[in-house]
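Contents: one structure, followed by commentary.
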Amino acid sequence: MIQQAARDYAQRELIQDVLERDEKAIFPEKHIKKLAELGFLGMMVDPEYGGSGMDTIAYVLAMEEISKIDASVGVIMSINNSLICYGLNKFGSEAQKQKYLTRIASGDIIGAFLLSEPEAGSDATHQHTTAEDKGDYYLVNGTKNWISNANSASVYIVIAQTHAKKTHRGINAFIIEKNTPGITLGPHEDKMGMRSSDTHSVMFTDVKIPKENRIGDDGFGFKFAMQVLEAGRIGIASQALGIAGGAMDRAVAYSKERKAFGTELANHQSVAFKLSDMAVKIENARNLCLKAAWLKDNHMSITVASAMAKQYSADIAMEVTTEAVQIHGGYGYVKEYHVERLMREAKLTQIYEGTSEIQKIIISRNVING
Ligand code: COS
């Protein structure tokens with residue numbers, strides 16, 4: 001039912017203005033409202049806190065369908081569900097859940113996750129943003145980079161260093177309202193793909209944060225970020241799976257329609273074998289995503305499973321979309337046929353929420369050290 005609802009919505013409504021949103025980098029405001037109505041912005045949160053009470057499997061299925069049509073909407077959905085709602089639901093205090101989670105999970109407002117910095121992306125332990133403990137409040141200073149939802153979000157979860165000498169064990173995570181004095185945004189980033197999700201840098205100058213907005217114990221911030229990101233990677237993996245699936249659907253349709261040398265492209269083995277390779281990759285990616293989701297739903301470790309799902313799905317999304325462009329020939333290189341957009345979108349899935357190389361660090365450490 002969830003898969004069908006997501007598919008119907010994506011294929012009937014999201015598709016209509018996706019090319020214009022991509023070209024002009026328009027934030028999909030009306031679609032985010034619709035996702036909220038469908039319950040897709042806090043899918044795994046208990047209804048008591050404004051969510052839909054579904055499981056991670058349902059989330060993967062919905063993410064795939066939405067991202068087949070518009071991965072920019074997929075990333076907004078993924079950040080809200082995984083990085084924000086999951087983090088607050090699992091680690092937030094009761095008061096934080098009442099005050100923030102209920103509104104974010106219901107989609108009344110959305111959230112953004114602020115970890116990356118100009119000099120700290122993959123190497124997340126080296127946070128330059130500081131949160132000085134001033135007794136009854138924290139004072140936050142620094143700059144965060146590449147922040148998805150930076151302008152559209154009302155609430156931020158911000159990772160900052162409180163006790164520099166303790167390195168990553170001195171990092172904290174804070175809930176910060178975007179309209180707090182001292183917060184300014186850099187210009188809208190003009191991105192290669194995922195163009196309708198809004199990305200900015202965010203600057204903090206003497207931003208006062210109430211003590212009760214720290215998530216968890218003092219020094220819990222790095223572990224918080226790692227835990228939230230490993231769950232978030234299931235969302236991005238299913239986004240990549242959706243992008244690959246969207247390209248596959250279009251490549252199949254085109255190759256059954258377009259003729260060359262007297263017959264449809266699909267009758268040429270060079271094309272049919274490409275479609276076969278694409279199908280196997282997509283099936284493998286789907287299985288990795290569903291396995292990671294199942295492990296999470298059953299409260300088992302997802303560190304390696306989510307890294308595998310993300311690395312594989314992102315890498316095959318790049319391969320599958322590239323082949324889809326190739327099958328389309330010249331038509332694949334123009335915007336009207338969508339596959340060049342899907343290829344641009346696929347690229348980002350290899351970069352954000354941990355690059356493919358970071359996932360390989362996580363996987364290889366597990367292979368080597370157990
Ligand atoms: N869950 C809980 N804790 C974790 C964890 C996880 N998945 N992964 C690491 N940690 C903990 C470790 O246990 C360790 O804690 P202690 O020192 O208290 O024992 C601490 O975090 C540091 O871990 P480690 O020594 O493995 O850190 P590294 O610097 O080697 O980095 C990686 C580990 C590469 C996994 C981490 O830096 C990472 O995920 N980087 C990518 C971050 C990212 O996704 N950036 C994208 C921006 S967000 S869009």
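Whatever order the structure lists ligands and atoms in, that order sets their numbers, starting from 1. Note that the structure is a prediction, hence the values are computed from the model and not measured.
Taking a cut-off of under 4.0 Å to the non-hydrogen atoms of I362, the atoms of ligand 1 that pass are 35 (C). Below 4.0 Å from some heavy atom of L115 lie the following atoms of ligand 1, by number and element: 48 (S). Shown in contact with E353 at under 4.0 Å from a heavy atom are these atoms of ligand 1, numbered in order with element: 44 (O), 49 (S). Counting atoms of ligand 1 from 1 in the listed order, those under 4.0 Å from a heavy atom of H168 are 14 (C), 15 (O), 16 (P), 17 (O), 18 (O), 20 (C), 22 (C). Applying the 4.0 Å criterion to heavy atoms of L229 picks out, from ligand 1, the atoms 43 (C), 44 (O), 48 (S). Contact atoms of ligand 1 toward F222: 20 (C), 21 (O), 22 (C) (distance under 4.0 Å to a heavy atom of the residue).
Of all the heavy atoms of R233, the ones lying under 4.0 Å from any atom of ligand 1 belong exclusively to the side chain.
Nearest heavy atoms, S306 versus E230: OG-O, 2.9 Å. Of all the heavy atoms in V73 and I66, the pair that sits closest is CG1-CG2, 3.7 Å.
Here F40 and Y9 keep their ring centres 6.0 angstrom or further from each other.
Between F113 and ligand 1, no N or O atom pair is found at a separation short of 3.5 Å. On a distance-only criterion, R365 and ligand 1 share at least one N/O pair closer than 3.5 Å. Between E230 and ligand 1, at least one pair of N/O atoms sits closer than 3.5 Å.
Checking D123 against T125 by side-chain atom types alone, a donor-acceptor pair falls below 3.5 Å.
Looking only at protein heavy atoms, the nearest one to atom 29 (O) of ligand 1 is T125 CG2, 3.7 Å. Counting only heavy atoms of the protein, atom 34 (C) of ligand 1 lies nearest to I358 CD1, 3.9 Å.
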